[in-house]
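Some notes on the structure that comes next.
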Amino acid sequence: MAKKAETHTSSVLYRKYRPLDWDAVLGQEHIVSSLQGSLSNDRISHAYLFSGGRGTGKTTLARIFARALDVSENDIYEIDAASNRGIDDIREIRDGVHVLPFESRYKVYIIDEVHMLTKEAFNALLKTLEEPPAHALFILATTETDKIPETVVSRCQVFSFKKPTREILKTIVQTISKKEGITLEAGGADLIALLGDGSFRDTLGVLQKVIGSAKAEKVSLKDIEDSTGAPKSELVNTFLTALIVKDKDKALSIITKAYSGGIAMKTFNALVLEKARALLLFKNAPSLAKELKDQMSEEDYAWLSTTGDMTSPVLLELLRAYDATGKAYLETLPLEMAVVGVCK
């Protein structure tokens with residue numbers, strides 16, 4: 001059940017460019033600082049709980065921490081609790097944990113998706129966490145801390161991972177694109193970062209798709225939209241133009257067109273908000289015009305110059321629609337209601 005940590009290289013981007021040392025970890029400086037401090041002071045806990053959204057670097061940082069402890073690959077074990085969630089799987093760990101490490105001071109167990117363990121498996125794990133041998137170190141990783149028994153959480157040092165900012169994801173996309181010999185049109189890296197939805201892994205997955213379908217070294221915004229299924233920029237612009245001039249019928253028909261075309265409303269809403277904000281800044285802060293131009297395609301910047309003003313009340317309605325989209329029974333309804341409200 002327990003498998004050794006992967007050491008092979010891969011053409012899959014999130015594996016190929018997975019951080020291998022502290023300096024390469026972005027967006028989790030608070031955790032890096034704390035773990036480095038515990039290493040400097042030789043105050044190592046026997047159990048850690050890494051909590052945070054998917055693709056935020058939990059298992060990556062667990063591996064870096066293990067290597068910083070001079071633990072060899074032969075003494076690092078990774079377990080996927082989603083596939084190995086029963087009491088027999090944990091009993092296997094409990095029996096093996098008392099065997100001394102092969103080559104290192106510690107034997108490190110990284111248990112991913114730990115919240116997937118059964119109640120009986122958690123009870124068995126608790127016994128191991130209560131009285132672990134001196135050489136055993138557990139790093140539990142989860143996206144859902146609330147599903148882990150408090151008795152387990154209380155025996156761990158807990159670290160909460162933040163979602164990386166769009167700016168961090170955008171920088172990573174630009175850096176890796178260059179390394180892969182690809183040049184993205186202005187606004188392309190930002191779109192990929194937005195589609196990554198706060199996940200390093202998902203963002204690089206989107207970039208992988210873009211690079212895989214690229215027909216040339218220079219990739220346009222349209223190429224990215226075509227390969228990822230993201231809403232066309234022109235569709236977003238037309239929607240906002242209709243909203244500004246209060247053409248209710250046209251705005252509602254565009255929502256229907258986007259949804260029937262398989263575009264996720266959360267993504268469509270996000271791109272609408274991005275463009276609406278850009279329009280608000282363009283019309284009200286002329287000093288930001290150059291910065292906006294550097295971030296957008298020529299077509300989008302030309303649209304900013306020729307369309308009407310974006311008012312705060314309209315932007316507020318769009319924000320409310322975005323917040324409600326993930327909770328709505330009908331995915332299109334929040335944005336449709338926003339359109340009706342704006343166009344009254």
Side-chain angles (χ1 to χ4, degrees), residues 1-20 25 28 31 45-67 69 71-99 101-102 104 106-129 132 136-149 151-153 155-161 163 196-205 208:
M1 175 197 65
K3 65 177 183 178
K4 298 287 172 62
E6 295 178 4
T7 58
H8 66 278
T9 57
S10 172
S11 59
V12 178
L13 294 182
Y14 79 84
R15 289 181 180 166
K16 184 176 180 180
Y17 294 101
R18 188 194 295 271
L20 297 176
V25 177
Q28 311 298 346
I31 298 175
S45 174
H46 70 276
Y48 296 84
L49 177 61
F50 289 178
S51 171
R54 71 184 191 282
T56 50
K58 298 183 295 296
T59 54
T60 293
L61 203 47
R63 292 170 184 169
I64 292 173
F65 185 42
R67 286 194 291 268
L69 287 164
V71 178
S72 74
E73 297 296 339
N74 287 328
D75 290 315
I76 302 175
Y77 297 84
E78 292 187 34
I79 300 98
D80 177 14
S83 305
N84 306 281
R85 59 193 302 266
I87 188 170
D88 289 339
D89 298 304
I90 299 302
R91 279 174 177 163
E92 185 180 332
I93 295 174
R94 190 178 63 189
D95 293 342
V97 80
H98 292 284
V99 178
F102 288 107
S104 318
Y106 293 103
K107 201 173 186 179
V108 176
Y109 290 86
I110 301 171
I111 306 180
D112 199 14
E113 304 292 347
V114 70
H115 61 273
M116 297 291 287
L117 292 179
T118 64
K119 181 180 178 181
E120 293 76 18
F122 268 126
N123 288 336
L125 178 62
L126 181 62
K127 294 182 187 300
T128 305
L129 293 180
L137 190 152
F138 288 86
I139 304 176
L140 315 179
T142 181
T143 55
E144 301 182 51
T145 309
D146 58 308
K147 292 186 178 180
I148 301 176
T151 49
V152 172
V153 175
R155 284 163 175 78
C156 302
Q157 275 196 27
V158 182
F159 291 96
S160 297
F161 282 63
K163 274 191 171 187
D197 193 25
S199 165
F200 291 111
R201 184 169 59 243
D202 291 355
T203 298
L204 293 186
Q208 180 101 46

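Every heavy atom of this structure was used, including side-chain atoms; hydrogens, water molecules and symmetry mates were not. The first residue in the sequence is number 1, and the count goes up from there.
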Measure the spacing between [atom1] of [X] and [atom2] of [Y] and express it to the nearest 0.5 Å.
X: L117; Y: I148; atom1: CG; atom2: CD1; value: 8.5 Å
X: E144; Y: H115; atom1: CD; atom2: NE2; value: 4.0 Å
X: S51; Y: D146; atom1: OG; atom2: CG; value: 8.5 Å
X: D202; Y: Y14; atom1: CG; atom2: OH; value: 10.0 Å
X: K163; Y: T56; atom1: NZ; atom2: OG1; value: 9.5 Å
X: N84; Y: I93; atom1: CG; atom2: CD1; value: 8.0 Å

Identify the heavy atoms of [X] and [Y] that sit nearest to each other, and give their distance.
X: K107; Y: V99; result: NZ-O, 3.1 Å
X: T60; Y: P19; result: CG2-O, 3.5 Å
X: P101; Y: S104; result: CB-O, 3.3 Å
X: T59; Y: A141; result: CG2-CB, 4.5 Å

Problem - Qualifying residue, where the test is side-chain contact (heavy atoms from CB on, under 4.5 Å) with V25 and the options are I31, L20, L61 - result: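 Only match with V25 under side-chain contact (heavy atoms from CB on, under 4.5 Å): L61.
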Problem - Within the 6.0 Å centroid threshold, strictly below: Y48 and F138 - result: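 Distance test on ring centres: not under 6.0 Å, no.
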Handout entry: Check: A136 main-chain N/O paired with H46 side-chain donor or acceptor under 3.5 Å
Key =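 Pair absent, no side-chain N/O of H46 close to backbone of A136.
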Problem - Short side-chain to backbone donor-acceptor contact, K58 and G52, under 3.5 Å - result: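 Such a contact is found between K58 side chain and G52 backbone.
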Exercise for the section: Let me see the working for R63 and E78 under side-chain contact (heavy atoms from CB on, under 4.5 Å), right down to the final yes or no. Expected result: CA-CA 9 Å; R63 292 170 184 169; E78 292 187 34; 2.8 Å; yes
Practice task
Given side chain to side chain donor-acceptor pair (under 3.5 Å), test R54 with T143 step by step and report yes or no.
Solution key: CA-CA 6 Å; R54 71 184 191 282; T143 55; over 6 Å; no
Problem - Salt bridge flag under 4.0 Å for residues R85 and E113 - result: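 Salt bridge: no.
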